[in-house]
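Any value given below was found using the heavy atoms of this structure, including those in side chains, with hydrogens, waters and symmetry copies removed. Chain A is the first sequence line, chain B the second, and so forth, proteins listed ahead of strands; every chain is numbered from 1.
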Protein chains: 2
Amino acid sequence: MTVSDLTAPAQDYLKMIWSATEWSESPITVGAMAERMGVKPSTVSDGIRRLAKQGLVTHAPYGSIELTDAGREHAVEMVRRHRLLETFLVQILGYGWDEVHEEAEVLEHAVSATMIRRIDELLEHPTRDPHGDPIPSPGGLPNPPEGVRLAAADPDRPVTITRISDADPDMLRYFAELGLAPDTQLTVRAHRPYADITTIHLDGREVDIDLGSSAAEAIWVVGN
Amino acid sequence: MTVSDLTAPAQDYLKMIWSATEWSESPITVGAMAERMGVKPSTVSDGIRRLAKQGLVTHAPYGSIELTDAGREHAVEMVRRHRLLETFLVQILGYGWDEVHEEAEVLEHAVSATMIRRIDELLEHPTRDPHGDPIPSPGGLPNPPEGVRLAAADPDRPVTITRISDADPDMLRYFAELGLAPDTQLTVRAHRPYADITTIHLDGREVDIDLGSSAAEAIWVVGN
DNA sequence: CCTGAATGTTAGACTGACCTAACGGGAGTG
DNA sequence: CACTCCCGTTAGGTCAGTCTAACATTCAGG
Ligand SMILES: [Mn+2]
Ligand SMILES: [Mn+2]
Ligand SMILES: [Mn+2]
Ligand SMILES: [Mn+2]
């Protein structure tokens, strides 16, 4: 069975379950999945039961949701599709990196394996998507992600942005305005814990920028 | 309401009803639609009733199926999507013209209006798809098709292929092997009616080619 | 250790898409 | 002019996905 035999929601569920553990170890909840899919929790609960029946996840009622080996394989394939498509949309069709997520979220269920292969060749086998996320190799594992959340980065040490979560397009547009993107270099001035504010300085800029915690959680950086 | 609010089968039904009258005036039948969609006639009958309830077609039981103005608008939009996507797949992703139909048949339901616009711009507003079919302008009418079926073309007069039906990929591959494609120049030698064979000569070729009636019905030509 | 708020599950209903099986209409043939 | 056979429709069933409403479980604060 190939990933294309699954329904679009099933493909999305698997992708979300897998993605949840990519950048943090806390497992996904039914509520979080429902929120991201724009659907009620009962719908997700149902869907998970169907996935379990197909042997793609293990799940006991009220228990945690885990991918089986088969489920993980399909999930990684979907992540590969999503990220290749995002890269394609930016490089070939001139999308902004803040626009691609929603388009890829739909296209990933429609493109054939052939089209994915051709896109991969046209782009010369890219390894990072426009947000800095690693693109898994075909049938394989992703190049493991690097970096720490900006909110957890040491102050006064120059760092480079390696990825920015693509979950919120409005936030991405805000970052784009500020000049924050993968490969941007910056220095954390200070974290102000109770205000939940992280102040950063962009190399070659006049003023410092204050970021709230949702922003500082969405950006990953690595030391230079 | 935009075309994207319809289900994929509904979009396909509208497209097929519209396309049926593009190259011949005989209206589509439930059976023909079922065959092309690979479903049972009862499924199509059902679907048509739903389209009628939405005001997109008119249909009395056992009667003919006609698009309403709203239905025609959606149908033309889907034809535009399909043909732009086919052109895109050939020009940008290097597909063969015999490979694109099935991919476009799925993608047409998934791409956004934005993506269609960007593809149209990238290709510089193409007017013909890889099979020679006219690409309707946005929201508008197609450049009306030209030509007659090869089976009905006068013998001994040089003609040029303007379109080849994309319905059968195997036939397209056969044509590609023979060197038959849009813009190919040829001359009909003779029609042999009871054998249902049309003999053609390609300019600059040694041997003549015999085509059966299904092939001669799938190729449209225009006089030079 | 108890308990209530938050979270997740089940029940029941609806829709669209499909199927098989049974039935109906109509165009052409004898 | 009647009959037949082809085609289309309806009836009835399944499945996935969605919802609302009711119910169950968990676990953290008191
Ligand atoms: Mn998706
Ligand atoms: Mn991404
Ligand atoms: Mn086509
Ligand atoms: Mn289609």
Scan residues 7-18 of chain A for pairs that pass salt bridge (charged side-chain N to carboxylate O under 4.0 Å, His left out), counting only residues two or more places apart or in two chains.
A:D12-A:K15, A:K15-A:E105, A:K15-A:E108
Restricting to ring pair (Phe, Tyr, Trp, His ring centres under 6.0 Å), what partner residues turn up for B:H82, sequence neighbours left out?
B:H101
By salt bridge (charged side-chain N to carboxylate O under 4.0 Å, His left out), which residues pair with B:D196, not counting sequence neighbours?
none
Give me, pair by pair, the N or O atoms of the protein and of nucleotides 4-8 of chain C that are less than 3.5 Å apart, along with how far apart they are.
from, atom 1, to, atom 2, distance (Å)
C:dG8, OP1, A:V30, N, 3.3
C:dG8, OP2, A:G31, N, 2.8
C:dG8, N2, A:Y62, OH, 3.4

At a cut-off of 3.5 Å, list every protein nitrogen or oxygen paired with a nitrogen or oxygen from nucleotides 15-18 of chain C, distance to 0.1 Å.
from, atom 1, to, atom 2, distance (Å)
C:dA17, OP1, B:T7, OG1, 2.1
C:dA17, OP2, B:R50, NE, 2.8
C:dA17, OP2, B:R50, NH2, 2.8

Mind checking what makes side chain to side chain donor-acceptor pair (under 3.5 Å) contact with B:S214, not counting sequence neighbours?
none
Checking A:S24 now: which residues fulfil side chain to side chain donor-acceptor pair (under 3.5 Å) with it, not counting sequence neighbours?
A:S26
Out of curiosity, A:E86 CD to A:D133 CG, how far, rounded to the nearest 0.5 Å?
7.5 Å
Sorted by chain and residue number, the side chain to side chain contact (heavy atoms under 4.5 Å, CB included) partners of A:V148 (sequence neighbours excluded) come out as A:A153, A:V221
By side chain to side chain donor-acceptor pair (under 3.5 Å), B:S112 pairs with (sequence neighbours left out) A:E103
Provide the start and end nucleotides, 5' to 3', of the part of DNA chain D that has atoms under 4.0 Å from heavy atoms of chain B.
D:dG8 to D:dT10
Quick one: list whatever passes side chain to side chain donor-acceptor pair (under 3.5 Å) with B:D170, sequence neighbours left out.
B:R173
Among residues at least two apart in sequence or on other chains, which ones pass salt bridge (charged side-chain N to carboxylate O under 4.0 Å, His left out) with B:E217?
B:R149
